[in-house]
Amino acid sequence: MTIMDKTADIPAPRAGGSDDSPLLEVRDLHVEFHTRDGVAKAVNGVNYSVDSGETLAVLGESGSGKSVTAQAIMGILDMPPGKIPQGQILYRGQDMLTMSYEERRKIRGQKIAMIFQDALSSLNPVLSVGYQLGEMFRVHQGLSKKQAKAKAIELMERVKIPAAKQRVNDYPHQFSGGMRQRIMIAMALALEPDLIIADEPTTALDVTVQAQVMDLLKELQTEFNMGLILITHDLGVVADVADKIAVMYAGRIVETAPVHELYKRPAHPYTRGLLDSIPRLDQKGQELYAIKGLPPNLLKIPSGCAFNPRCPKAEDICRTEIPALVPVSEQDGSELPGRGSACHFWKETIHG
Ligand SMILES: Nc1ncnc2c1ncn2[C@@H]1O[C@H](COP(=O)(O)OP(=O)(O)OP(=O)(O)O)[C@@H](O)[C@H]1O
Ligand SMILES: [Mg+2]
């Protein structure tokens, strides 16, 4: 028997208006890949939502299904081998998985834009950045070449590329990694989307540049009141940027929480392990903690809680029963809004 995760999702503050559907809501999403070796269950019942002006960070080790979930939202999954056997992806309350092609096309790419990790492979090396930025306006808004170029320069200035007017005809390789990532952000912003999905947008950059690019993204998000889904495996990046966090493991959300609460009091041993693995300046010289073992093979996810073989707290029930994502409360039973954990022993973990 499979247990459907009950959504313990975070009730987000809504940005006015009578329509109370979140900007984007993923409901019980499943994605599998049919490969020669078998069926890889990459996403196994994910629920999350994000509102205008809000940042959701999606966190988890490599292979936990963060990008596949994003690809399903964007409609860029490889199908086949990918398949969505179950689930809904609601944009302002409307399921994109059952919409007509035409309706979907208007949302994806225009209302929802994506920023990838690797700007160099996302930009065309033989076209100038001005041309590529301008293309958005020529294709989608029917602007002339000259108008499009002016828009491109405006966008480059928006993302703080110095001497934008002079550099508009330069090619991607002539820009530094940080500047290229700014161009990717400009590209995503071009059509004034409601939601940006940023998949490891700064992973390829060095730490100082990472912070600058994150600051820029955050600033633009606030200015345009966009929703932001920030995918990362770097807990350090998240603290200053996100409002709430969803932690993924083996294709499931195992914990949700407002950002600072997650750092203070994790309610899942996996989250605790991730937090303990962050290098700390005040503990120089000490050996860094690492969660033992590796994430599971998705062709053969362990029975019960997928984390059980690596969990220091695992008991018999963890090997037989999949824990549902349930609301987490204070010891006296009072509510902890937005908090959820998929651990049989969440009480011991958070209060113990
Ligand atoms: N086209 C595909 N065919 C087969 N398997 C795939 C395909 N795309 C993704 N997968 C599998 O789905 C699983 C989840 O991948 P995903 O890219 O979502 O991980 P992730 O959480 O984004 O990890 P990372 O932090 O490394 O980016 C992986 O095991 C991956 O091998
Ligand atoms: Mg990924």
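Sequence positions, counted from 1, serve as the residue numbers for this chain. Note that ligands are numbered from 1 as they come in the structure, with each ligand's atoms numbered from 1 the same way.
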Q.
For Val68, which part has a heavy atom under 4.0 Å from ligand 1: side chain, backbone, both, or neither?
A. both

Q. Considering only the protein, which heavy-atom contact is closest to atom 26 (O) of ligand 1, and what is its distance?
A. Ser62 OG, 2.5 Å

Q | Heavy atom of the protein closest to atom 8 (N) of ligand 1 (residue, atom name, distance) | A | Phe33 CZ, 3.4 Å

(Q) Between ligand 1 and Gly65, can you find any atom pair, the residue atom being a heavy atom, that is separated by under 4.0 Å? (A) yes

Q: Could you find the nearest protein heavy atom to atom 27 (O) of ligand 1 and give me its residue, atom name and distance?
A: Ser67 OG, 3.8 Å

Q) Do you see a protein non-hydrogen atom under 4.0 Å from atom 31 (O) of ligand 1? A) no

Q: State plainly whether the residues Glu261 and Lys264 are in salt-bridge range, i.e. N to O under 4.0 Å.
A: no

Q: Look at atom 6 (C) of ligand 1 and say whether a protein heavy atom is found at less than 4.0 angstrom from it.
A: yes

**Q.** Heavy-atom nearest neighbour in the protein, as seen from atom 1 (N) of ligand 1, with distance rounded to 0.1 Å
**A.** Asp78 OD2, 3.4 Å

Q. If we only count N/O pairs under 3.5 Å, is Thr35 in contact with ligand 1?
A. no

Q. Is the shortest distance from a Lys or Arg side-chain nitrogen in Glu255 or Arg272 to a carboxylate oxygen in the other one below 4.0 Å?
A. no

Q: State whether Ser62 contributes an N/O/S atom found under 2.8 Å from the Mg ion (ligand 2).
A: no

Q) Checking Gln174 side chain against Tyr171 main chain: does a donor-acceptor pair fall under 3.5 Å? A) yes

Q: Identify whether the distance between the nearest side-chain nitrogen and carboxylate oxygen of Asp240 and Lys218 falls below 4.0 Å.
A: no

Q.
If you define the side chain from C-beta out and look only at heavy atoms, does anything of Thr69 sit under 4.5 Å from Val58?
A. no

Q: Have a look at Lys66, Lys41, Gln117 and point out the one with the heavy atom closest to atom 21 (O) of ligand 1.
A: Lys66

Q: Say whether, by atom type as modelled, one donor and one acceptor occur between the side chain of Asp170 and the main chain of Phe175 under 3.5 angstrom.
A: no

**Q.** Steps toward side-chain hydrogen bond (donor to acceptor under 3.5 Å, both in side chains) verdict (Asn124, Gln132)
**A.** CA-CA 8 Å; Asn124 188 328; Gln132 293 181 65; 5.3 Å; no

Q: Starting from atom 13 (C) of ligand 1, locate the nearest protein heavy atom and write down its residue, its atom name and how far away it is, to 0.1 Å.
A: Leu298 CD1, 3.4 Å

Q. What do you reckon, does Pro81 put a non-hydrogen atom under 4.0 Å from ligand 1?
A. yes

Q: Would you kindly confirm whether Met184 and Val209 end up in one hydrophobic cluster when ILVMFWY residues are joined by side chain heavy atoms under 4.5 Å apart?
A: yes

Q.
Check contact between Gly63 and ligand 1, using heavy atoms of the residue and a distance below 4.0 angstrom.
A. yes

(Q) Residue-level breakdown please: for Met248 versus ligand 1, do any non-hydrogen atoms fall below 4.0 Å on the side chain, on the backbone, on both, or on neither? (A) neither

Q) Without hydrogens or angle criteria, can the side chains of Asp332 and Ser334 be said to hold a donor-acceptor pair below 3.5 Å? A) yes

Q) For Tyr91, is the NZ or CZ atom of Arg104 found under 6.0 angstrom from the centre of its six-membered ring and inside 45 degrees of the ring axis? A) no

Q: Just need the protein heavy atom nearest to atom 12 (O) of ligand 1, so name the residue and atom and give the distance.
A: Ala42 CB, 3.4 Å

